[in-house]
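Step one of this worksheet: look at the structure below.
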Amino acid sequence: MGLLTLFSKSGPVVRRLPSGSVTADRQGNILATTVSSSYPSEVLSEVAREILALFREAKVAQMPVTELTIHFASLQITARELRGGAILFLSPKTVSSETDPRL
């Protein structure tokens with residue numbers, strides 16, 4: 001039966017990119033979100049922790065950073081510091097095509 005269970009494992013899941021806002025406390029715990037509840041909260045928490053680490057590193061380097069924007073190929077993250085926590089705005093980028101009736 002071991003061989004059969006090897007092939008029955010589910011593959012990676014393709015999900016839509018998150019859209020909305022996330023408010024996190026100092027530890028990266030999610031306080032409030034407008035992102036769909038179908039999106040894993042663990043992923044949102046991990047993103048928040050990484051953003052908070054960036055703000056802390058900037059403070060240690062004596063660079064006053066209160067807002068940052070990260071541009072990925074298909075996602076934009078804008079974050080603002082809130083007294084140790086942060087609010088994140090997640091915006092998926094879409095490819096706009098010209099209005100061609102053949103498309």
Side-chain angles (χ1 to χ4, degrees):
M1 290 302 285
L3 185 61
L4 294 177
T5 58
L6 177 68
F7 295 109
S8 66
K9 293 181 181 178
S10 62
V13 178
V14 177
R15 292 192 170 100
R16 296 182 135 218
L17 291 171
S19 176
S21 63
V22 176
T23 305
D25 65 6
R26 295 176 189 268
Q27 290 77 33
N29 300 319
I30 304 300
L31 302 174
T33 182
T34 62
V35 177
S36 171
S37 61
S38 66
Y39 204 80
S41 61
E42 297 83 24
V43 175
L44 295 176
S45 293
E46 182 63 29
V47 171
R49 282 192 288 274
E50 291 296 327
I51 294 293
L52 290 168
L54 287 172
F55 283 131
R56 278 189 235 109
E57 290 171 11
K59 186 178 276 189
V60 168
Q62 297 180 351
M63 296 173 53
V65 175
T66 57
E67 182 175 332
L68 57 91
T69 302
I70 302 171
H71 296 275
F72 293 104
S74 58
L75 181 70
Q76 177 178 333
I77 301 174
T78 302
R80 293 187 185 119
E81 187 195 16
L82 301 172
R83 296 182 185 186
I87 185 166
L88 291 74
F89 301 96
L90 307 168
S91 307
K93 296 180 183 179
T94 58
V95 178
S96 60
S97 60
E98 295 183 25
T99 56
D100 185 355
R102 295 174 290 176
L103 294 179

Heavy-atom nearest pair, S19 first then P92, reads CB-CD, 3.7 Å

Please report the shortest heavy-atom distance between I77 and F72, naming the atom on each side. CD1-CE1, 3.9 Å

After noting the C-alpha distance and the side-chain angles of F89 and R80, does the key distance pass the side chain to side chain contact (heavy atoms under 4.5 Å, CB included) rule? CA-CA 9 Å; F89 301 96; R80 293 187 185 119; 3.3 Å; yes

Determine whether a donor-acceptor pair (N or O, by modelled atom type, separation under 3.5 Å) exists between the side chain of T34 and the backbone of S21. yes

Nearest-0.5 Å distance that lies between atom CZ in F55 and atom CE in M63: 12.0 Å

Tell me, do R16 and Y39 make a side-chain contact under 4.5 Å, heavy atoms counted? no

Please answer whether the main-chain N or O of G84 pairs with a side-chain N or O of R56 as donor and acceptor at a distance below 3.5 Å. no

Considering all heavy atoms, the nearest I30-V22 contact: CD1-CG1, 3.2 Å

Under the side chain to side chain contact (heavy atoms under 4.5 Å, CB included) criterion, do L17 and L90 qualify, and how do the steps go? CA-CA 9 Å; L17 291 171; L90 307 168; over 6 Å; no

Passing option when I70 is tested against V47, L54, L88, T78 for side chain to side chain contact (heavy atoms under 4.5 Å, CB included): L54

Looking only at heavy atoms, the pair that brings A79 and I51 closest together is CB-CG2, 3.5 Å

Output, in order, the C-alpha distance, side-chain angles, deciding distance and verdict of side chain to side chain contact (heavy atoms under 4.5 Å, CB included) for R26 and L52. CA-CA 7 Å; R26 295 176 189 268; L52 290 168; 5.8 Å; no

P18 versus L75, closest heavy-atom pair with distance: O-CD1, 3.9 Å

OG1 of T66 to NZ of K59: how many Å apart, nearest 0.5 Å? 11.0 Å

To the nearest 0.5 Å, what is the distance between CD1 (I87) and OG1 (T33)? 9.5 Å

